[in-house]
Amino acid sequence: MNPREEIIKQLKKITNLKEINLEIPPEGLGDYAFPCFVLAKTFKKSPIQIAQDLAGKIKPTKLIEKAEAKGPYLNFFVNKTIIAEDILRKIIKEKNKFGSRKHKKEKILVEHTSINPNASPHIGRARNALLGDFIVRLLRFQGYDIETHYFVNDIGKQIAMLVLGAEDKQKITFNDLLNLYIKINEKIEKTPELEQKVFELLKKLEEGDEKTKKRFRDIVDICVKGQVKIFRELDIKYDKFDYESDYLWTKKTVQVLKELEKTGKLFMDEEERYVLDQKDSNLPMESPFLVLTRADKTSLYPLRDLAYHIDKKKSKSIIVLGEDQKLYFQQLKAALTLLGKPSPQPVFYSFVLLETGKMSTRKGNLVLLEDFMKEALQKAREEIKQRHNNIDDKDAKKIAYGAIKYSILKVTPERNVTFSWKALQFEGDTGPYIQYACARINSILRKYEKEIDEKIDFSLLKTDEENNLIKLLSNFSEIIKESQRTLKPTIIINYIYNLAQGFSNFYIKCPILKADEGLQKARMLLASCVKQVLENGLSILGIETLEKM
RNA sequence: GCGCCUGUAGCUCAAUCGGAUAGAGCAACGGAUUUCUAAUCCGUAGGUUGCAGGUUCGAUUCCUGCCAGGCGCGCCA
């Protein structure tokens, strides 16, 4: 039993409460705190009085040194030596599994990124991919069997436009696509008659015309390859690519229409489109209809998306979506519910804005993710050059991409962010700061030259800096639990930043290699445990560490 | 117009389902290196948590109204 559990056990016995909510008190007031407000009504006393009463009833044990009333709070002081021994031994034993919970394997499908194959991704798209990759890594860390899916929107008006724009071009590369896409959008805006050609292309495609299919496939392949290469560079990988067009070729979209027909909610409107009536689904919209086909019976995205989600078949799945999809997702969910099918748990994020306004691939007002990566890489190379003779490109990438990932994941997903080139920092609350703490520990480990010994005198770890680190380390599992509950990366980001900061303090004030043998061994163990936990946290964010910086 | 999200220090962001004195970083200023890596550390300064009410022992957090930004509201995806 750890001290936290023992405190909860004692409190439950004394108070008869079913749930005990412990807090971490401000510095110096103890290790755990129990706020007594909840008991004020049942005991008909002031929380201040209750705290005092309870303090007298807490029995000191091996783990709990004392309980002290401070205003309406009951603060607990625990035996730090036992905590240190408990937590450090656990970290050494569990290594890169430390912090994860033990449980039976459960399959979860996570769909993320899924961007239109029309051009190189802009930085806003990175938010989807990074958030999705974080969720994948977090759940894998927790022992889930995760399958990562990428839905390739290889069909539809946008792609048809691109195909049209590429009509008279000889050889097209990934880098040509963005300009091609912008130009065809401009062209169609100026001469709307051209739009007809786009719909003709789609009609031919859906009829299965092989030549048209090939034209689409060629463009989509170039695009998807280029996009995936960029994400691959960021170490974001996918287990399966699901092509939207497959749902047409397998006639699954037709099946969906048939199924919907049985519900009596599907009708053909005055313009001969198939429309799903969603009036009974309690959706916050004026006219709750989901249009599934065009008048020429070619499919619209919601129809193909429905077929895709029915096909996912997993009992549990998660999907990362931009906030523009919020209402649409409610519609999709309602349609799935109507068919008796499960829907995924959505995770939404807000858009990245530019100082010059909103981002738009169509209008070419955007910052490309690859340009941001290049900029970060160049900065990383310069920083390394200032410190070392030769630049290891692998290291430069770790730093650059670590900084990018950290800066994007740092912001809570539902907030808008305004992109700025100046935002890329390597100092302070950044990825490189955490990596630097790890590199410092690695450096000490190299100079120590001996194996880490866990048979140490734990009572030697008693400075504020050491206690702070031990306290933080013992909180890691809670942090993981909390971030799994919310699927938000900020919780882990804050934690590892605090831990790295705590280590920097410790590093300045508590010399390791110069300490006496016993203390040296103890601090060495502590430092290597800090490194382990930092690495565990970073690995969930997809950030790598370095031997030297 | 209606619905959802956001608004915290000059800037970028935190704040673990309502808790103790709202915390960091950047920028500014002042300090620390004969020392395990200065991508570091310490200090100073910086706040009516958009505004106005309300709920309660207690509100950045919950409710109402207003203001500002984002997103959405039938043949884009």
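Just so we're on the same page: letters track the sequence lines, and every chain starts at 1.
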For [N], take OP1 and OP2 only and decide whether either is under 4.0 Å from a side-chain N or O of [X].
X         : N       : answer
Ser443(A) : rU37(B) : yes
Lys488(A) : rU16(B) : no
Lys358(A) : rC71(B) : yes
Arg381(A) : rA39(B) : no

When you compare the side chain of Leu538(A) with that of Ile496(A), does any pair of heavy atoms fall below 4.5 Å?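 Yes, close enough: below the 4.5 Å cut-off.
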Check every atom of rA77(B), rC36(B), rA38(B) against the side chain of Tyr436(A) and return the nucleotide holding the closest atom. rA38(B)
Closest nucleotide among rG3(B), rA39(B), rC71(B) to the Pro284(A) side chain: rG3(B)
Under the 3.5 Å rule, do the base of [N] and the side chain of [X] count as making a donor-acceptor pair?
X         : N       : value
Arg387(A) : rA39(B) : yes
Ser350(A) : rG70(B) : no
Glu286(A) : rC73(B) : no

Quick one: label [X] by what it contacts on the DNA or RNA (base, sugar-phosphate, nothing), any heavy atom closer than 4.0 Å.
X         : value
Tyr448(A) : nothing
Glu323(A) : base
Glu271(A) : base
Phe351(A) : sugar-phosphate

Donor-acceptor under 3.5 Å (Glu465(A) side chain, Cys510(A) main chain):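 Looks like no, no N/O pair under 3.5 Å.
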Looking at Lys509(A) and Asp464(A), does any basic side-chain N land under 4.0 Å from a carboxylate oxygen? no
Using a strict 4.0 Å threshold on nitrogen-to-oxygen distance, state whether Arg387(A) and Glu383(A) make a salt bridge. yes
With a 3.5 Å cut-off and no angle check, do the side chains of [X] and [Y] form a donor-acceptor pair?
X         : Y         : value
Asn442(A) : Lys531(A) : yes
Gln501(A) : Ser504(A) : no
Glu206(A) : Ser299(A) : yes
Asp429(A) : Tyr406(A) : yes

Can you confirm whether or not the ring centre of Phe34(A) sits under 6.0 Å from the ring centre of Phe76(A)? no
Compute the ring centroids of Phe419(A) and Phe372(A), then answer whether they are less than 6.0 Å apart. yes
Would you say Gln386(A) has more than 12 foreign heavy atoms packed within less than 6.0 Å of its CD?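 Enclosed: over 12 neighbouring heavy atoms sit under 6.0 Å from CD of Gln386(A).
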In terms of heavy-atom contacts, does NZ of Lys204(A) have more than 12 from other residues, nucleotides or ligands at under 6.0 Å?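 Counting neighbours around NZ of Lys204(A), 12 or fewer heavy atoms of other residues, nucleotides or ligands fall under 6.0 Å, so no.
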Glu68(A): what forms a salt bridge (charged side-chain N to carboxylate O under 4.0 Å, His left out) with it, not counting sequence neighbours? Lys66(A)
Roughly how far apart, to the nearest Å, are rU55(B) and rC13(B) at atom P?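 Pairwise P distance, rU55(B) against rC13(B), rounds to 34 Å.
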Rounding to an integer number of angstrom, what distance separates rU61(B) and rA22(B) when you compare their P atoms?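 Their P atoms lie roughly 14 Å apart.
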Mind telling me if rG25(B) is syn or anti? Syn here is a glycosidic angle within 90° of 0. anti
With rounding to the nearest 0.5 Å, note down the distance linking CD1 in Ile512(A) to OH in Tyr507(A).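 Output value for this atom pair is 8.5 Å.
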Tabulate protein N/O versus nucleotide N/O from nucleotides 12-14 of chain B, keeping only pairs under 3.5 Å, one per line.
| from | atom 1 | to | atom 2 | distance (Å) |
| --- | --- | --- | --- | --- |
| rA14(B) | OP1 | Thr412(A) | N | 2.5 |
| rA14(B) | OP2 | Arg415(A) | NH1 | 3.2 |
| rA14(B) | O3' | Asn494(A) | ND2 | 3.3 |
| rA14(B) | O2' | Asn494(A) | OD1 | 3.2 |
| rA14(B) | O2' | Asn494(A) | ND2 | 2.6 |

Of Leu327(A) and Pro72(A), the one whose closest RNA chain B nucleotide lies more 5':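 The residue closer to the strand's 5' end, by nearest nucleotide, is Pro72(A).
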Starting at the 5' end of RNA chain B and moving along, which residue's nearest nucleotide shows up first, Pro35(A) or Ala295(A)?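 Here Pro35(A) is the residue nearer the 5' end.
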With pairs defined as Watson-Crick or G-U wobble and both distances under 3.5 angstrom, please note down RNA chain B as a dot-bracket string, | for pairing with another strand. (((((((..((((.....[...)))).(((((.......))))).....(((((..]....))))))))))))....
Shorter than 3.5 Å, N or O on both sides, protein versus nucleotides 41-44 of chain B: list them out with atom names.
| from | atom 1 | to | atom 2 | distance (Å) |
| --- | --- | --- | --- | --- |
| rC41(B) | OP1 | Tyr433(A) | OH | 2.5 |
| rC41(B) | O3' | Asn505(A) | OD1 | 3.1 |
| rC42(B) | OP1 | Asn505(A) | OD1 | 2.9 |

Are any protein N/O atoms closer than 3.5 Å to N/O atoms in nucleotides 32-34 of chain B? If there are, list each pair with its distance.
none

The criterion is side chain to side chain contact (heavy atoms under 4.5 Å, CB included); which residues satisfy it with Leu327(A), sequence neighbours excluded?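 Only Pro284(A), Met285(A), Gln330(A) meet the side chain to side chain contact (heavy atoms under 4.5 Å, CB included) criterion with Leu327(A).
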